[in-house]
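Nothing fancy with the numbering, it's 1 onward along the sequence.
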Amino acid sequence: MTDIKEIGVPIFQFNTHVLGGTEYQAKYFHEHILPEVPNLQKYVCMILPGKNLSNENLEKLDNEIIMWVHCLPSQFDKGLTELFWSGKNFSDRIKYIIVPSEYAKKKFIEETGFPKEKIYVIHNGIEALKYNPNKFKNVDQIKMVHTSGPNRGMIILLNSLQYIKHDFQLKIFNDFYPEMYLDNEMSNDNRVLFYGKTPRKTMYKYLEAAHVHAYPPIFLETFCIAIAESMSAGLLPIYGNIGALPEIVGNRGIYVDDIDSKFLEDGVFIGDKYAREFADKLSEGFDLILSNKWDPSEQINHINTNYSWEKVKQQWKDFNELL
């Protein structure tokens, strides 16, 4: 068998041409955590989604495998799914699978039957943002943000706005181009500003100045960095309570529940029905802020305590000792 050093197998080789949540976590890991977890050097460490070894190189090695998986198995395309289970005794060689939430662990077991004792939870980390309580005093116009990908509920959010009577401004940070995909009425809504893909540090400034984080998901998140970051800045989270969100948010804020039973018909979302109910939740949240009754102190402490980079770094150190 080939020695792992001969091939020069990188640890958790992520895609450097994109910077989504997975890549953000992996980049921070390499820059700040990797030196403190030396026991990983003994393993083939793969990240999904990411750049990984070919089946040919995998079969040259007899090292055990550690996989850091950021999506549910059912969310990968067929090629990645085949890679996951392909090769000689590939699944038997997996020492641990790391996932970012207890929800992801539960779903991974349900979808694959993989042994629960070989699935280890290490949360995603966030940078604690600044909270300015003065932004909630004498509010005239609600400042709302959406920072998730366009395929994760943005259209539901945009469709909900027609039912809102309050004065608000919505700022959207993702790589969506409204002129290409929206009709004129929706793309010319002066209450909505599209900022495009924005550097994280720049986006944080807008988050810290906003009141509401709006997210009606149609995607089963395994964590949701976006909502954790906004909660750290004190924003009122208004969201759909599916995937890992109940675990991460802890049923704080204002949410639409029972989404699967209410809005799914033969596996397809009934968009307008979801949008109308989400609009009701937005209006409820706006009233809460305008009446000066929103106090984010407890949620800020919850997020900054449980998902800080220091806490996540300690989880990696504990995992290193386990190895």
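Nearest heavy-atom pair across L282 and A214 is CD2-CB, 4.1 Å. The heavy-atom pair separating A279 from Y163 by the smallest distance is CB-CB, 3.7 Å. Residues L220 and G243 come closest through the heavy atom pair CD2-N, 3.8 Å. A275 and S160 get closest at one heavy-atom pair: O-CB, 3.2 Å. Listed here is the closest heavy atom pair of C71 and Q75: CB-OE1, 3.5 Å. Closest approach of V99 to A104, counting heavy atoms only: CB-CB, 3.9 Å.
With hydrogens and angles ignored, the 3.5 Å screen pairs a side-chain donor or acceptor of E23 with a backbone N or O of G20. With hydrogens and angles ignored, the 3.5 Å screen pairs a side-chain donor or acceptor of T305 with a backbone N or O of N301. Put simply, the side chain of N39 never gets that close to the backbone of L323: no donor and acceptor are under 3.5 Å apart. Proximity of a side-chain donor or acceptor of T198 to a complementary backbone N or O of G196 within less than 3.5 Å is detected. Under a 3.5 Å cut-off, the side chain of E31 and the backbone N or O of Y28 do not form any donor-acceptor pair. For H302 (side chain) and I248 (main-chain N/O), a donor-acceptor pair under 3.5 Å exists by modelled atom type. Q299 places a side-chain N or O within 3.5 Å of a backbone atom of M231 that can act as its donor or acceptor partner. Proximity of a side-chain donor or acceptor of S101 to a complementary backbone N or O of F223 within less than 3.5 Å is not detected. The main-chain N or O of I254 is never found under 3.5 Å from a side-chain atom of E284 such that the two would form a donor-acceptor pair. A distance-only check finds no donor-acceptor pair linking the side chain of Y274 to the backbone of K262 [under 3.5 Å].
Of the charged side-chain nitrogens involved, none lies within less than 4.0 Å of a carboxylate oxygen, so that E102 and K106 do not count as a salt-bridged pair. Comment: K135 does not engage E208 in a salt bridge, judged by the lack of any side-chain N to carboxylate O separation of less than 4.0 angstrom. Ion pair E110/K105 not flagged as a salt bridge, since none of the NZ, NE, NH1 or NH2 atoms sits closer than 4.0 Å to an Asp/Glu carboxylate oxygen. Between E298 and R252 a salt bridge is recorded (basic side-chain N to carboxylate O distance below 4.0 Å). Salt bridge R276/D272: present, at least one basic N to carboxylate O contact under 4.0 Å.
Between Y120 and Y96, the ring planes lie perpendicular to each other; the angle is over 60°, past the 30° to 60° tilted range. Using bins of under 30°, 30° to 60° and over 60° for the plane-to-plane angle, the ring pair F136/H211 lands in the tilted bin.
Using a 4.5 Å cut-off on side-chain heavy atoms (C-beta onward), I142 and L290 make contact. Looking at heavy atoms from C-beta onward, I300 lies out of side-chain contact with I303 at the 4.5 angstrom threshold. Two residues are said to be in side-chain contact when any heavy atoms from C-beta on lie closer than 4.5 Å; P38 and N320 meet this criterion. Contact annotation: the side chain of V69 approaches that of F76 to within less than 4.5 Å [non-hydrogen atoms, C-beta and beyond]. Residues F114 and I94 have side chains in contact (heavy-atom distance under 4.5 Å, counting atoms from C-beta outward). Contact of the V212 side chain with the I289 side chain is registered, since non-hydrogen atoms from C-beta on lie closer than 4.5 Å. A heavy-atom distance below 4.5 Å is not found between the side chains of P237 and Y215. The shortest side-chain heavy-atom distance between F173 and T202 does not fall under the 4.5 Å cut-off.
Rounded to the nearest 0.5 Å, atoms CD1 (I109) and CD (E117) are 8.5 Å apart. With values rounded to the nearest 0.5 angstrom, I242 atom CD1 is found 4.5 Å from I259 atom CD1. With rounding to the nearest 0.5 Å, the separation of NZ in K293 from CG in D295 is 13.5 Å. Distance check: W68 CH2 to L48 CG gives 12.0 Å after rounding to the nearest 0.5 Å. Atom CD of Q314 is separated from atom CD of E36 by 9.0 Å, given to the nearest 0.5 angstrom. Between Q141 atom CD and H166 atom NE2 the span is 12.5 Å, to the nearest 0.5 Å.
For the ring-ring contact (aromatic ring centres under 6.0 Å, His included) test, no residue two or more places apart in sequence or in another chain qualifies with F168. When the salt bridge (charged side-chain N to carboxylate O under 4.0 Å, His left out) test is applied to E111, no partner is found at least two apart in sequence or on another chain. Under the ring-ring contact (aromatic ring centres under 6.0 Å, His included) criterion, H213 pairs with no residue at all, not counting sequence neighbours. Checked against side chain to side chain donor-acceptor pair (under 3.5 Å), E64 has no partners two or more places apart in sequence or in another chain.
Looking at I172, N174, L207 one by one, the single match for side-chain contact (heavy atoms from CB on, under 4.5 Å) with T147 turns out to be L207. Only one option out of W316, Y24, F14 pairs with H30 in a ring-ring contact (aromatic ring centres under 6.0 Å, His included); it is F14. When each of I155, I156, L161 is tested with N159 by the rule side-chain contact (heavy atoms from CB on, under 4.5 Å), just one qualifies, namely I155.
Residue pairs meeting the salt bridge (Lys or Arg N to Asp or Glu O under 4.0 Å) criterion with at least one partner in residues 153-178, sequence neighbours excluded, do not occur; the list is empty. Listed by first and then second residue, the salt bridge (Lys or Arg N to Asp or Glu O under 4.0 Å) pairs that reach into residues 216-228 are R152-E221, sequence neighbours excluded.
Heavy atoms of other residues, nucleotides or ligands lying less than 6.0 angstrom from CG of N251 number more than 12. Atom CG of N134 sits in a crowded spot, with more than 12 heavy atoms from other residues, nucleotides or ligands closer than 6.0 Å. Heavy atoms from other residues, nucleotides or ligands lying under 6.0 Å from NZ of K118 number more than 12.
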Please walk me through it: do N306 and K311 pass side chain to side chain contact (heavy atoms under 4.5 Å, CB included)?
-> CA-CA 7 Å; N306 290 292; K311 183 68 174 286; 3.9 Å; yes
For E127 and Y204, run side chain to side chain contact (heavy atoms under 4.5 Å, CB included): C-alpha distance rounded to whole Å, both residues' side-chain angles, the deciding distance at 0.1 Å, then the answer.
-> CA-CA 10 Å; E127 183 175 329; Y204 287 163; 3.9 Å; yes
Just do the side chain to side chain contact (heavy atoms under 4.5 Å, CB included) check on R191 and L170 with the steps written out, would you?
-> CA-CA 6 Å; R191 302 173 301 174; L170 169 63; over 6 Å; no
Let me see the working for K281 and Y255 under side chain to side chain contact (heavy atoms under 4.5 Å, CB included), right down to the final yes or no.
-> CA-CA 7 Å; K281 298 300 181 182; Y255 54 87; over 6 Å; no
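For the residue pair Q25 / H70, no side-chain donor-acceptor distance below 3.5 Å is found, with atom types taken as modelled.
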